[in-house]
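Below: one structure, written as structure tokens.
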Amino acid sequence: MPRLSVWFVRASFIYLVLGLFFGALILMEKGFALYALIWNLLPFHMEFLLIGWLIQLAMGVAFWIIPRFSRGASRGPENLVWFSFAFLNAGILLTSTQLWFPSMLIIGRIAEVIAWILYIIGSWKRIKPHGVE
Amino acid sequence: MPLLTRVFIKTGMICLALALMLGILLAFGITNGFFPVYIHLLVFGWITQLIFGVIFWMFPKYSVEKPRRNETLGWWTYALLNSGLLMRAIAEPLQATHANTFSAWILVFSAVFQFLAGLLFVINSWERVKEK
């Protein structure tokens, strides 16, 4: 597994644990309504599990698994995908501060879009038939 | 494909079927607290469970002697994930329509079980995420 995939996948594991922890608190609150502010964790729960866990894991595993090039850099422009990783995680964290800084929701989402565009550019040519250089 | 992976994937398939059937009820306007159950059957019961099973099977080996690290932890993950999910599937609609102490405690146990499932999965898989 390449180093970049290790970072993607381990980051996704961290978001999985955090997202489940917040979800557990919310579910307990559904049982015993003790502290209504716990509902403020809902955006974290969704963001961490959908983008941080599922999407990030898929990106990391795809970077590892999809076909490589036989000439030059085997996984294409890897630097671009490193930037994608950085933008994605910055986006998730910025989005998570929306409770305190509402404008961060938009900035975080823009960072996530940039992350995905960089990832597409970095991986596009690797989606190729068998035998193509 | 190891037994645990097969069990994860087949249980995930059942969760997807249940979620889609629940989707029919929701389409008829029968909500009664079922919407969160629908979402969690899809995202946790199906997608996440499928991922857990495939990672257990296909990620780099931990060692020659213990390729999948601790299989017992894997089975605990499976048991906690599905018992937690089942408990919420029963208690969440109940709590939404006829709130009572019993269903409230079931939700608490469900929350702890689902969290522990994820935690044990990460503990068992962390060292298998490594550079070649």
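Each chain gets a letter, A, B and so on, in the order its sequence line appears, and its residues count up from 1.
Of the atoms belonging to B:I106, not a single heavy atom falls under 4.5 Å from chain A. With a threshold of 4.5 angstrom between heavy atoms, B:L116 does not approach chain A through any atom at all. For a residue to count as touching a neighbouring chain, one of its non-hydrogen atoms must lie under 4.5 Å from one of that chain's; by this rule B:F121 touches chain A with the side chain only. With a 4.5 Å cut-off on non-hydrogen atoms, B:Q114 touches chain A through its backbone and its side chain both. The part of A:L54 that comes within reach of chain B is its side chain, from C-beta onward, which places non-hydrogen atoms under 4.5 angstrom from that chain. Looking at B:F113, neither its backbone nor its side chain comes within 4.5 Å of chain A, counting heavy atoms on both sides.
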message = Using the rule given for side-chain contact (heavy atoms from CB on, under 4.5 Å), can you reason through A:L16 versus B:F52, listing the C-alpha separation, both sets of side-chain angles and the distance that settles it, and then say yes or no?
response = CA-CA 12 Å; A:L16 171 68; B:F52 281 9; 3.9 Å; yes
inquiry  = Determine whether A:L20 and B:F44 satisfy the following criterion, side-chain contact (heavy atoms from CB on, under 4.5 Å), listing intermediate values before the conclusion.
reply    = CA-CA 10 Å; A:L20 287 177; B:F44 203 49; 3.7 Å; yes
request  = Go through the steps for A:F13 and B:I55 under the test side-chain contact (heavy atoms from CB on, under 4.5 Å), then give the verdict.
outcome  = CA-CA 12 Å; A:F13 282 4; B:I55 283 180; 4.2 Å; yes
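No side-chain heavy atom of A:W53 sits less than 4.5 Å from a side-chain heavy atom of B:V43. Within the 4.5 Å cutoff, no side-chain heavy atoms of A:V9 are placed close to those of B:W126. Using a 4.5 Å heavy-atom cutoff, the side chains of A:M28 and B:L107 are not in contact. Residues A:K30 and B:P36 are in side-chain contact: their nearest non-hydrogen atoms beyond the backbone lie under 4.5 Å apart.
Here the closest non-hydrogen pair linking B:A111 and A:A24 is CB-O, 3.4 Å. Pairing each heavy atom of B:V129 with each of A:M1, the nearest pair is CG1-SD, 3.7 Å.
Highest contact tally toward chain A, considering only B:A91, B:A96, B:P60, is held by B:P60 [criterion: heavy-atom pairs under 4.5 Å]. Taking chain A as the reference chain and counting heavy-atom pairs below 4.5 Å, the highest number among B:T48, B:I47, B:L119 is found for B:T48.
Heavy-atom proximity under 4.5 angstrom to chain B picks out A:L57, A:V61, A:W64 from residues 55-85 of chain A.
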